[in-house]
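Have a look at the structure below before the remarks.
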Amino acid sequence: MTESVDKDLGQFDYVIVGAGTAGCVLANRLSADPDISVLLLEAGGKDDYFWIHVPVGYLYTMNNPRTDWCFKTEPEPGLNGRALNYPRGKTLGGCSSINGMIYMRGQAGDYDHWRQLGNVGWAWDDVLPYFRRSEDYVHGEDDLHGAGGEWRVEEMRLKWEILDAFRDAAEQVGIPKTDDFNRGDNEGCGYFQVNQRRGVRWSTAKAFLRPAMQRPNLTVLTHAQTARIRFTDRRAVGVELHVNGEPAHATTSGEVILTAGSIGSPQILQVSGVGPGDLLSEHGIPVVHELAGVGANLQDHLQLRLIYRVKNTVTLNQQANSLLGKAGMGLQYFLFKRGPLTMAPSQLGCFAKSDPGRASPNLEYHVQPLSLDKFGEPLHSFPAFTASVCNLRPESRGTVRIKSADPFEPAAIRPNYLAEDTDRQVAADAIRLTRRIAAAAALARFEPQEHLPGDHLQSDEELAQAAGDIGTTIFHPVGTCKMGSDARAVVDDRLCVHGLGGLRVVDASVMPTITSGNTNAPTIMIAEKAADMIREDRRAGTGKAA
């Protein structure tokens with residue numbers, strides 16, 4: 001029997017681990033300099049699966065091992081013992097190839113708060129140019145939007161009577177209408193803008209990676225799963241990986257850059273000997289550098305999916321449950337790139353306050369002209385809409401911790417939803433606000449009836465318990481390698497890992513606190529800013545990771 005040879009992939013200036021949202025951006029920006037060699041590693045395959053590109057295809061890419069890691073959380077006490085599917089992209093483009101395509105920056109105050117925590121260069125005025133740099137805004141350039149960039153932002157290509165009525169109802173209870181959530185203050189109700197190009201999903205693989213693929217200084221490997229980082233004298237010098245199941249290694253003269261996301265990046269650090277000392281010792285992993293915060297500080301948006309049966313209107317439930325309706329939708333899409341197949345998972349958005357005392361909106365609604373028990377299952381047979389509402393700034397914190405020294409065994413994901421009493425109160429208040437909207441005059445002719453969680457539930461305790469029954473992730477995990485200078489911080493404000501050389505983390509895991517909205521656009525911004533910092537440190541020759 002012949003032993004496998006550990007293949008030497010060569011030396012590169014930068015080894016980027018993960019060709020997801022951030023990795024594709026970094027690969028483009030760094031390889032734009034022909035004197036810089038870049039290796040980009042992706043554990044998944046190419047983004048050539050049909051359903052990646054059809055917007056409604058998220059129904060077929062999530063929980064599909066071809067495109068999704070198919071993670072699950074541990075049973076969650078706050079969800080009354082339920083474990084959740086936890087989709088994360090496993091293909092070129094990562095989560096941008098399977099997500100809801102919603103373009104959302106969050107609120108200016110999110111980034112000003114990062115700066116107030118001591119992270120220099122991360123206030124709203126600092127990061128706005130990086131949002132604008134990538135953007136190709138359908139309505140053209142202005143002080144807050146960019147045009148001509150790689151990241152296409154368009155309007156939805158269809159509307160629904162029931163969603164228009166929900167928007168009117170929200171206005172009737174004091175939530176103003178808006179046509180742009182991305183100007184620093186996202187309060188209001190309106191249709192989301194999406195990352196599509198003429199009815200087709202626009203991923204970072206298409207936008208950033210594909211134009212750079214022909215550069216001779218960029219090497220992209222798929223089915224290349226990183227096992228661990230190699231260190232010499234507390235400096236990252238390369239990675240060990242498997243390519244198509246065969247062992248290999250690559251070295252770097254510059255940096256290893258982790259862009260494996262809020263689940264993958266802390267796991268790779270932990271199995272490489274960087275993380276909480278007790279955890280590493282438990283699994284027999286030699287401690288390269290003890291950092292207690294690796295895998296801590298997990299934050300996510302928990303959505304409460306309130307479902308209302310309606311009358312006197314057509315929702316996607318009727319269309320999708322009819323052969324004629326399905327045929328019509330297919331023809332609309334393939335002939336005109338319009339109709340329900342262009343739909344993001346959520347069409348109408350709403351940002352509101354759970355109570356009037358809030359300084360800014362702390363709730364986000366994703367409103368859909370459909371209902372189902374959970375993603376991947378058939379739509380209900382009755383007409384309905386779903387008003388999913390999430391707490392934008394949860395106080396509960398979870399963890400990502402390895403279960404063994406095996407780098408290919410999934411980590412234990414514990415979001416710790418609804419652990420804090422404040423989060424349980426916000427959940428109860430959010431359900432009550434949703435009921436106020438549903439009871440407004442604008443929706444009266446549709447006779448909405450609460451299907452879930454059920455209007456017989458009224459007290460704070462009953463509603464918090466119901467939130468545990470109906471709550472599910474809206475796929476926004478962040479914070480597990482947080483930026484900062486406190487004892488639980490993993491990276492500094494240049495995204496260099498504390499106490500180590502040649503190693504950065506550049507993805508949503510570095511967010512010290514979660515943004516007030518969907519997290520894909522902020523992750524692109526982080527990668528854009530990181531690319532500038534990496535180039536600056538390279539030129540200076542004295543950077544922390546150089």
Side-chain angles (χ1 to χ4, degrees), residues 18 20-23 25-26 86 88 94-96 99 102-124 126-128 130-131 182 184 186 204 257-267 269 291 293-302 360 362 364 390-400 413 415-417 473-486 488-498 504-531 533:
T21 297
V25 176
L26 275 179
Y86 217 66
R88 297 283 87 199
C95 288
S96 75
N99 71 1
I102 292 171
Y103 183 74
M104 184 63 58
R105 297 172 175 176
Q107 297 170 12
D110 299 332
Y111 305 99
D112 290 340
H113 179 58
W114 292 4
R115 178 62 186 90
Q116 290 158 11
L117 292 173
N119 297 299
V120 176
W122 291 92
W124 172 250
D126 299 316
V127 302
L128 179 59
Y130 292 104
F131 281 114
N182 290 298
N186 55 19
T204 58
I257 305 171
L258 292 182
T259 55
S262 292
I263 309 303
S265 288
Q267 177 172 9
L269 286 172
L291 272 179
V294 174
N297 193 48
L298 174 61
Q299 299 159 59
D300 190 14
H301 290 143
L302 179 73
S360 62
N362 67 316
E364 179 181 7
C390 65
N391 178 0
L392 288 170
R393 291 185 285 277
E395 295 187 8
S396 301
R397 297 290 183 268
T399 58
V400 174
I413 303 169
N416 212 22
Y417 297 119
T473 178
I474 204 161
F475 323 121
H476 299 162
V478 309
T480 50
C481 297
K482 82 166 188 172
M483 171 172 51
S485 55
D486 61 280
R488 305 289 282 185
V490 176
V491 300
D492 63 17
D493 54 22
R494 296 187 75 77
L495 308 186
C496 302
V497 176
H498 286 298
R504 289 188 216 233
V505 183
V506 181
D507 54 36
S509 72
V510 305
M511 295 185 190
T513 52
I514 196 166
T515 54
S516 300
N518 309 70
T519 52
N520 190 249
T523 302
I524 292 173
M525 176 276 292
I526 289 168
E528 286 278 25
K529 183 171 172 59
M533 294 190 293

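Just so you know, residue 1 is the first one in the sequence shown, and it goes up from there. No hydrogens, no waters, no symmetry mates; every other heavy atom, side chains included, goes into these values.
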For this session: Evaluate side-chain contact (heavy atoms from CB on, under 4.5 Å) for Asn518 paired with Glu364, printing each intermediate quantity in order.
Result: CA-CA 9 Å; Asn518 309 70; Glu364 179 181 7; 2.8 Å; yes
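- Using modelled atom types, one side-chain atom of Ser265 and one backbone atom of Ala260 make a donor-acceptor pair closer than 3.5 Å.
- With hydrogens and angles left out, the side-chain atoms of Ser96 and Thr204 include a donor and acceptor closer than 3.5 Å.
- Contact detail for Ala527 and Val506: the closest heavy-atom pair is CA-CG1, 3.7 Å.
- Atoms OG1 and CG, on Thr473 and Leu302 in that order, are 7.5 Å from each other to the nearest 0.5 Å.
- Of the possible donor and acceptor atoms, one in the side chain of Ser262 sits under 3.5 Å from a partner among the backbone N and O of Ser509.
- Arg397 places no side-chain N or O within 3.5 Å of a backbone atom of Ala296 that could act as its donor or acceptor partner.
- At least one donor-acceptor pair closer than 3.5 Å links the side chain of Asp300 to the backbone N or O of His476.
- The structure places CD1 of Ile257 at 5.5 Å from CG of Leu26, a figure rounded to the nearest 0.5 Å.
- In terms of modelled atom types and a separation under 3.5 Å, the side chain of Asn520 and the main chain of Ile102 share no donor-acceptor contact.
- Considering CG of Leu298 and CG of Asn416, their distance stands at 9.0 Å, rounded to 0.5 Å.
- Remark: His498 NE2 to Met483 CE distance equals 10.0 Å, nearest 0.5 Å.
- Annotation for Arg393 and Gln107: closest pair NH1-OE1, 3.5 Å, computed over non-hydrogen atoms.
- Here the side chains of Trp114 and Val127 are not in contact, with every heavy-atom distance at 4.5 Å or above.
- Nearest heavy atoms, Pro522 versus Met104: CD-O, 3.3 Å.
- Although no hydrogens or angles enter the test, the distance criterion places no donor-acceptor pair under 3.5 Å between the side chain of Arg504 and the main chain of Thr259.
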Exercise. Passes side-chain hydrogen bond (donor to acceptor under 3.5 Å, both in side chains), Thr515 versus Asp110? Steps please.
Worked result: CA-CA 6 Å; Thr515 54; Asp110 299 332; 5.1 Å; no
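- A donor-acceptor distance shorter than 3.5 angstrom exists from the side chain of Asp507 to the backbone of Gly261, with no hydrogens or angles considered.
- Under the 3.5 Å distance criterion, the side-chain polar atoms of Asp493 are matched with a main-chain donor or acceptor of Val120.
- Summarising the geometry of Asn297 relative to Pro512, their closest heavy-atom pair is ND2-O, 3.3 Å, with the distance given to 0.1 Å.
- Ala508 approaches Thr523 most closely through the heavy-atom pair CB-OG1, 3.6 Å.
- For the atom pair SG (Cys390) and NE2 (His301), the distance works out to 5.5 Å, reported to the nearest 0.5 Å.
- Using bins of under 30°, 30° to 60° and over 60° for the plane-to-plane angle, the ring pair Tyr111/Phe131 lands in the perpendicular bin.
- The closest donor-acceptor contact from the side chain of Arg105 to the backbone of Asn182 lies under 3.5 Å.
- In terms of modelled atom types and a separation under 3.5 Å, the side chain of Gln299 and the main chain of Gly479 share no donor-acceptor contact.
- Here CG of Asn119 is found 7.0 Å from OG of Ser485. Values are rounded to the nearest 0.5 Å.
- Residue Trp122 comes nearest to Ile526 through the heavy atom pair CZ3-CG1, 4.0 Å, listed as atom of the first residue, atom of the second, then distance.
- A side chain to side chain contact (heavy atoms under 4.5 Å, CB included) with Val497 is found for exactly one of Asp492, Val294, Val491, namely Val491.
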